[in-house]
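Here's the structure we're looking at; comments come further down.
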Amino acid sequence: MGEVIGRQRFGVFIRIDGVPAAVGLAEVGSMPHGMELPVMGAVVAGTVVWHADHNHQVKIKLDEWDRPE
């Protein structure tokens, strides 16, 4: 789980609970058509789909994006 700490047109940045050095990114390319990006401060959960050890970047697919519309 984590908290949305930034919003851009391409996705949201997430502070990951328990991993203060890592920043997650959930990109709009993983978001189903018609859904909206989570708001600032929202607590979200998801699955890590990619990560880079050297700079602590993490790509996340949010659980809410797996739900049927």
Side-chain angles (χ1 to χ4, degrees):
M1 290 227 280
E3 177 185 353
V4 175
I5 58 170
R7 282 177 51 124
Q8 296 292 324
R9 60 179 171 70
F10 55 82
V12 292
F13 293 99
I14 301 164
R15 179 181 303 122
I16 301 169
D17 290 351
V19 191
V23 174
L25 172 62
E27 295 179 300
V28 295
S30 299
M31 185 173 68
H33 182 70
M35 290 196 78
E36 304 242 345
L37 290 172
V39 297
M40 289 287 295
V43 175
V44 295
T47 303
V48 172
V49 294
W50 177 87
H51 76 283
D53 289 331
H54 70 283
N55 61 3
H56 306 288
Q57 291 182 347
V58 179
K59 284 190 182 177
I60 298 171
K61 182 173 184 186
L62 297 181
D63 290 347
E64 65 187 63
W65 292 351
D66 283 333
R67 295 184 188 143
E69 294 181 44

Could you tell me which non-hydrogen atom of [X] sits nearest to which non-hydrogen atom of [Y], and how far apart they are?
X	Y	result
Glu3	Gly41	OE2-CA, 3.7 Å
Glu36	Glu64	O-OE2, 4.5 Å
Glu27	Trp65	O-CZ3, 3.2 Å

Are [X] and [Y] connected in the hydrophobic side-chain network, where two residues link if heavy atoms are under 4.5 Å apart?
X	Y	value
Val48	Val43	no
Val23	Phe10	yes
Ile14	Met35	yes

Straight-line distance of Met40 CE to Phe13 CZ, nearest 0.5 Å: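 Result: 11.0 Å between the selected atoms.
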Indicate yes or no: at least one non-hydrogen side-chain atom of [X] is less than 4.5 angstrom from one of [Y].
X	Y	value
Gln57	Leu25	no
Val28	Leu37	yes
Ile60	Ile16	yes

Among Val39, Val44, Leu62, side chain to side chain contact (heavy atoms under 4.5 Å, CB included) partner for Val4: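 The option that passes is Val44.
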Judged by atom type as modelled, is there a donor-acceptor pair below 3.5 Å linking the side chain of Arg7 to the main-chain atoms of Pro38? yes
